[in-house]
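Encoded as structure tokens, the structure appears first; notes follow it.
Remember, it's 1-based here, ligands and their atoms both numbered in the order they're listed. Quick note: numbers below take in every heavy atom, side chains included, and nothing from hydrogens, waters or symmetry partners.
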Amino acid sequence: MITLREAELVLVSLPLVRPFKTSFGVQETRDAVLLRVVVSDEGAEAEGWGECVAGREPLYSSEWALGAWLLLQHVLVPMAAASPFESLRSIRDAFVAVKGNPMTKATLEMAVVDATLRARGVSVASSLGGVRDRIECGVSIGMVSSTGALLDQVAGYLDEGYRRIKLKIEPGHDVVPVSAVRERFPSVMLTVDANAAYTPGAPALAHLDTFGLAMIEQPFGEDALSDHAALAASLATPVCLDESITSVARAVSALDARACSIINIKQGRVGGLAEAVDVAALCATRGIPVWCGGMLETGIGRAANIALASLPAFTLPGDTSASSRYFHEDLTEPFVMDADGTIAVPAGPGLGVAPIPSVLDRVTLRRERISW
Ligand code: OSB
Ligand code: MG
């Protein structure tokens, strides 16, 4: 039995190395809710951390940082404290009665998984069924108004070794930057991500089909499965879904509808690591390639992503970039990418990384113990 002994919420704000502009807004800092827990498992006690991927405002999806804070404080943590978990995979079952809020549920799962596996001396990657000790890295590049500056950024990331370049696009900012990058780097694995900014029939989508892109990610809204299916049938470029895939059930619907042929798996968006592993297994069964997405996480959330990306189903380079792509100073020991474009999967117990106390102090905006 896994029993919750302590829980504490921490709100942090870390400056990004450069603003990150997507079709839903510009982020200059990564503002994240962290959850610290202490659990006891068969007599052993250990501390663990979870990071909520939800942004400061509900722009990418309906969840947002302070909403997650309140839900953890008033509902999820008290529920977890009232009934111990039988196993790590059963954590999500404890919250089936709570509607929605996958990112917030995933935060509690991550913290309890980290703490429990620390107590057991097992890494998250091996506990999930990871098979690789290094994962392939791609990089997601925010929109920049100057094409010259964009080309410089792409060249810099390719020099560092990144194996796949993803460009954020929106209507009016698509064909020009994408064609410039494609012309300058004819053979790079190139993808685009619209974060739901297009409407069906937008002429740019057919034009983007001429650049040999490895995929186009989430052109339409979260609920627009049939619009994605119609687009997928009309393009040579594979369609990848991100926002639409919020659970195994939604992944089944999307695949049955032929709405995509690639899935971006984010543990937070689907409600946690157990659900993410199940989405990956579903995709493997259906022959659908997957890759691990990201939400500009600090080292805590990124450690979870990298552990997930070590599973065999993850056959494409993900948005699992080095700490230096996000922060001058990460919250944890930095994740460093080798010149071959790979990052080592943490092998230590739990997530294998934890906040560095002095950095945590410096970036903390608010901290509160949860009592029950
Ligand atoms: O759509 O994949 C996305 C960041 C925040 C919110 C949504 C997305 C992203 C990214 C960056 O593309 C991924 C990363 O490097 O963490
Ligand atoms: Mg995306």
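- The ligand atoms of ligand 1 that sit less than 4.0 angstrom from a heavy atom of E217 are 2 (O).
- The distance criterion of under 3.5 Å between nitrogen or oxygen atoms is met by D242 with respect to ligand 1.
- Inclusion of Y326 in the set of residues having an N or O under 3.5 Å from an N or O of ligand 1 is warranted.
- Residues W64 and V10 share a single hydrophobic cluster, defined by chaining ILVMFWY side chains whose heavy atoms lie under 4.5 Å apart.
- Within the sub-2.8 Å shell of the Mg ion (ligand 2), the protein contributes these N/O/S atoms: D193 OD2, E217 OE2, D242 OD2.
- For M295, a nitrogen or oxygen atom sits less than 3.5 Å from a nitrogen or oxygen atom of ligand 1, counting backbone and side chain alike.
- The protein atom (non-hydrogen) at minimum distance from atom 16 (O) of ligand 1 is L296 N, 2.8 Å.
- In the hydrophobic cluster analysis, where Ile, Leu, Val, Met, Phe, Trp and Tyr join through side-chain heavy atoms closer than 4.5 angstrom, W291 is grouped apart from V131.
- In this structure, T320 and I135 approach most closely via the heavy-atom pair OG1-CD1, 3.3 Å.
- The shortest N or O to N or O distance between S321 and ligand 1 is not under 3.5 Å.
- Only one option out of N195, T22, D174 pairs with K168 in a side-chain hydrogen bond (donor to acceptor under 3.5 Å, both in side chains); it is N195.
- The part of N195 lying near ligand 1 is the side chain, judged by heavy-atom distances below 4.0 Å.
- Remark: distances from the non-hydrogen atoms of Q218 to ligand 1 are all 4.0 Å or more.
- Residues S247 and E275 bring no donor and acceptor atom of their side chains to less than 3.5 Å of each other.
- Under a hydrophobic-cluster definition in which Ile, Leu, Val, Met, Phe, Trp and Tyr are linked whenever side-chain heavy atoms come within less than 4.5 Å, directly or via other members, V124 and V290 are assigned to the same cluster.
- Judged by the 6.0 Å and 45° rule, R118 forms no cation-pi pair with W49.
- Not a single N or O atom of Q27, backbone or side chain, sits closer than 3.5 Å to an N or O atom of ligand 1.
- Among the atoms of F24, none of the N or O lies under 3.5 angstrom from an N or O of ligand 1.
- Ring planes of F220 and H228: tilted class, angle from 30 to 60°.
- Residue N264 has no N or O atom closer than 3.5 Å to an N or O atom of ligand 1.
- Residue contacts with ligand 1 for T22 are absent, since no atom lies close enough (heavy atoms, distance under 4.0 Å).
- When the side chain to side chain donor-acceptor pair (under 3.5 Å) test is applied to K105, no partner is found at least two apart in sequence or on another chain.
- Checking Y60 against D242 by side-chain atom types alone, a donor-acceptor pair falls below 3.5 Å.
- Contacts between E243 and ligand 1 below 4.0 angstrom, taking non-hydrogen atoms only, are absent altogether.
- Per-residue contacts place K266 under 4.0 angstrom from the following atoms of ligand 1 (heavy atoms of the residue considered): 1 (O), 2 (O), 3 (C), 7 (C), 8 (C).
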